[in-house]
Amino acid sequence: MEQRCVVAIDGPSGSGKSTVSRRLAVALDAAYLDTGAMYRALTWAVLRDGVDLSDPEAVTKVAVEAELTLTPDPREPHIAVDGRWVDEPIRSPEVTGAVSAVASVPTVRRLLVAQQREIIAGADRIVVEGRDIGTVVAPEAELKVFLTADQEERARRRSAETATDHVTTAADLARRDELDSTRAADPLQQAEDAVELDTTGMTIDEVVSTLQELALSRASGTGQ
Ligand code: DC
């Protein structure tokens with residue numbers, strides 16, 4: 001694909017966003033941006049500094065000072081905070097438990113959205129995954145996708161990924177969905193012109209090839 005193409009992939013936790021976004025980026029020979037990893041990395045820095053999660057000003061100060069570095073390679077995406085690679089620690093239960101609080105601070109979102117837009121502007125083709133990509137970060141994206149899957153299937157996928165038991169995972173997903181969908185600043189929301197894809201019962205290959213076809217037709221201007 002020669003044309004510039006931004007693909008925005010939003011959806012709740014466990015909808016298959018990360019696996020699908022990375023595979024789609026490889027298929028399209030595009031860069032990959034995991035915006036959830038940016039919120040997680042800042043949360044890691046907030047916990048590192050022992051900052052009170054319920055103090056938005058202190059949390060914002062960490063966001064202003066922390067330097068995030070991302071490698072946009074979908075085969076090997078990495079993220080560093082202040083020069084330290086944090087790919088593993090940002091997936092810890094501590095970070096997962098605290099990230100919704102950090103992501104609900106409007107000033108933190110403004111800072112990260114600005115960085116995300118800069119990364120997108122610097123890429124020819126890019127697949128961006130998150131919660132507010134089609135609505136806030138890149139509303140001009142050629143293709144916006146809203147991935148869903150039923151609660152049971154999402155909990156099953158997450159619990160296989162994280163080796164955490166099903167009941168705990170299901171409760172954590174429900175809690176985060178509620179927080180992410182009801183926060184005042186840029187909640188998880190489907191863009192009006194997004195393609196909604198329910199991945200329940202679909203294989204990853206099926207989802208990726210469906211989206212690849214859509215992206216190719218949008219980029220060449222043959223899609224609607
Ligand atoms: O996709 P994930 O589970 O790694 O995202 C971690 C958290 O970050 C999730 O609880 C919601 C938040 N998030 C957000 O608010 N906006 C984004 N664009 C991406 C993630």
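It should be emphasised that the depicted structure is a prediction, and the values quoted were computed from it without experimental measurement.
Remark: the backbone N or O of Ala149 is paired with a side-chain donor or acceptor of Arg154 at under 3.5 angstrom. Judged purely by atom type and a 3.5 angstrom limit, Glu206 uses its side chain to pair as donor or acceptor with the backbone of Thr203. Here the side chain of Arg4 pairs a donor or acceptor atom with the backbone of Ala123 at under 3.5 angstrom. No donor-acceptor pair under 3.5 Å is formed between the side chain of Asp198 and the backbone N or O of Leu147. Looking at Lys17, its side chain never comes within 3.5 Å of a backbone N or O of Glu129 through a donor-acceptor pair. Under the 3.5 Å distance criterion, the side-chain polar atoms of Thr19 are left unmatched by any main-chain donor or acceptor of Gly16.
For Glu142, there are no salt bridge (charged side-chain N to carboxylate O under 4.0 Å, His left out) partners two or more places apart in sequence or in a different chain. Residues satisfying the salt bridge (charged side-chain N to carboxylate O under 4.0 Å, His left out) criterion with Asp172, sequence neighbours excluded, are Arg175, Arg176. Residues satisfying the side chain to side chain donor-acceptor pair (under 3.5 Å) test with Ser181, not counting sequence neighbours, are none. For Asp82, the salt bridge (charged side-chain N to carboxylate O under 4.0 Å, His left out) test picks out Arg48, with sequence neighbours left out.
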The test is side-chain contact (heavy atoms from CB on, under 4.5 Å); show your working for Val136 and Arg117 and say whether it passes.
CA-CA 10 Å; Val136 175; Arg117 287 185 177 149; 4.1 Å; yes
Apply the test salt bridge (charged side-chain N to carboxylate O under 4.0 Å, His left out) to residues Asp132 and Arg109: give CA-CA distance (whole Å), side-chain angles for both, the deciding distance (0.1 Å), then the verdict.
CA-CA 10 Å; Asp132 58 344; Arg109 301 199 69 83; 2.9 Å; yes
Would Arg91 and Asp34 count as a salt bridge (charged side-chain N to carboxylate O under 4.0 Å, His left out) here? Give the steps.
CA-CA 13 Å; Arg91 308 287 161 193; Asp34 175 2; 3.3 Å; yes
Start with the C-alpha distance between Lys144 and Asp193, add both sets of side-chain angles, then the distance that settles salt bridge (charged side-chain N to carboxylate O under 4.0 Å, His left out), and finish with yes or no.
CA-CA 7 Å; Lys144 300 176 208 174; Asp193 52 350; 3.0 Å; yes
Between Val7 and Ile133, does the side-chain contact (heavy atoms from CB on, under 4.5 Å) criterion hold? Intermediate values first, please.
CA-CA 9 Å; Val7 180; Ile133 310 306; over 6 Å; no
Chi angles and distances behind the side-chain contact (heavy atoms from CB on, under 4.5 Å) call for Ser104, Leu179:
CA-CA 8 Å; Ser104 70; Leu179 288 171; over 6 Å; no
Working note: Ile119 + Ile126, criterion side-chain contact (heavy atoms from CB on, under 4.5 Å); need CA distance, chi angles, decisive distance, verdict.
CA-CA 9 Å; Ile119 294 170; Ile126 189 162; 4.1 Å; yes
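Taking 4.5 Å as the limit, every side-chain heavy atom of Thr35 sits out of range of all side-chain heavy atoms of Arg131. Contact check for Thr60 versus Val105: side-chain heavy atoms found under the 4.5 Å cut-off. Considering only heavy atoms from C-beta on, Pro72 stays 4.5 Å or farther from Tyr32 through its side chain. Between Thr43 and Glu94 the shortest side-chain heavy-atom distance does not fall below 4.5 Å. The side-chain heavy atoms of Gln190 and Asp10, taken from C-beta on, include no pair separated by under 4.5 Å. Between Lys61 and Glu57, the closest side-chain pair of non-hydrogen atoms is not below 4.5 Å. Residues Arg84 and Thr69 are not in side-chain contact: their nearest non-hydrogen atoms beyond the backbone lie 4.5 Å or more apart. Two residues are said to be in side-chain contact when any heavy atoms from C-beta on lie closer than 4.5 Å; Pro89 and Val95 fail this criterion.
Across all their heavy atoms, Val59 and Val102 have their closest contact at CG1-CG1, 4.1 Å. Across all their heavy atoms, Val51 and Ala58 have their closest contact at CG1-CB, 3.6 Å. Heavy-atom minimum distance, Thr135 versus Gln189: CG2-O, 3.7 Å. The two residues Ile90 and Ala41 come nearest to each other via the heavy atoms CG2-CA, 3.7 Å. The minimum heavy-atom distance between Glu76 and His78, with the atom names listed, is OE2-NE2, 3.2 Å. Shortest non-hydrogen contact noted between Ala138 and Ile120 is CB-CD1, 4.2 Å.
Membership of the apolar cluster around Val64 extends to Leu111, as traced through chained side-chain contacts below 4.5 Å between ILVMFWY residues.
With rounding to the nearest 0.5 angstrom, the OG atom of Ser92 is 10.5 Å from the CH2 atom of Trp44. How far CH2 of Trp85 is from OG1 of Thr71: 5.5 Å, rounded to the nearest 0.5 Å. Distance CG/Leu197 to CD1/Ile9: 9.5 Å, rounded to 0.5 Å. Atom-to-atom distance recorded for Leu33:CG and Gln116:CD is 6.0 Å, nearest 0.5 angstrom.
There is no side-chain donor-acceptor pair under 3.5 Å between Arg157 and Ser13.
The stretch residues 18-27 participates, sequence neighbours left out, in these salt bridge (Lys or Arg N to Asp or Glu O under 4.0 Å) pairs: Arg23-Asp205.
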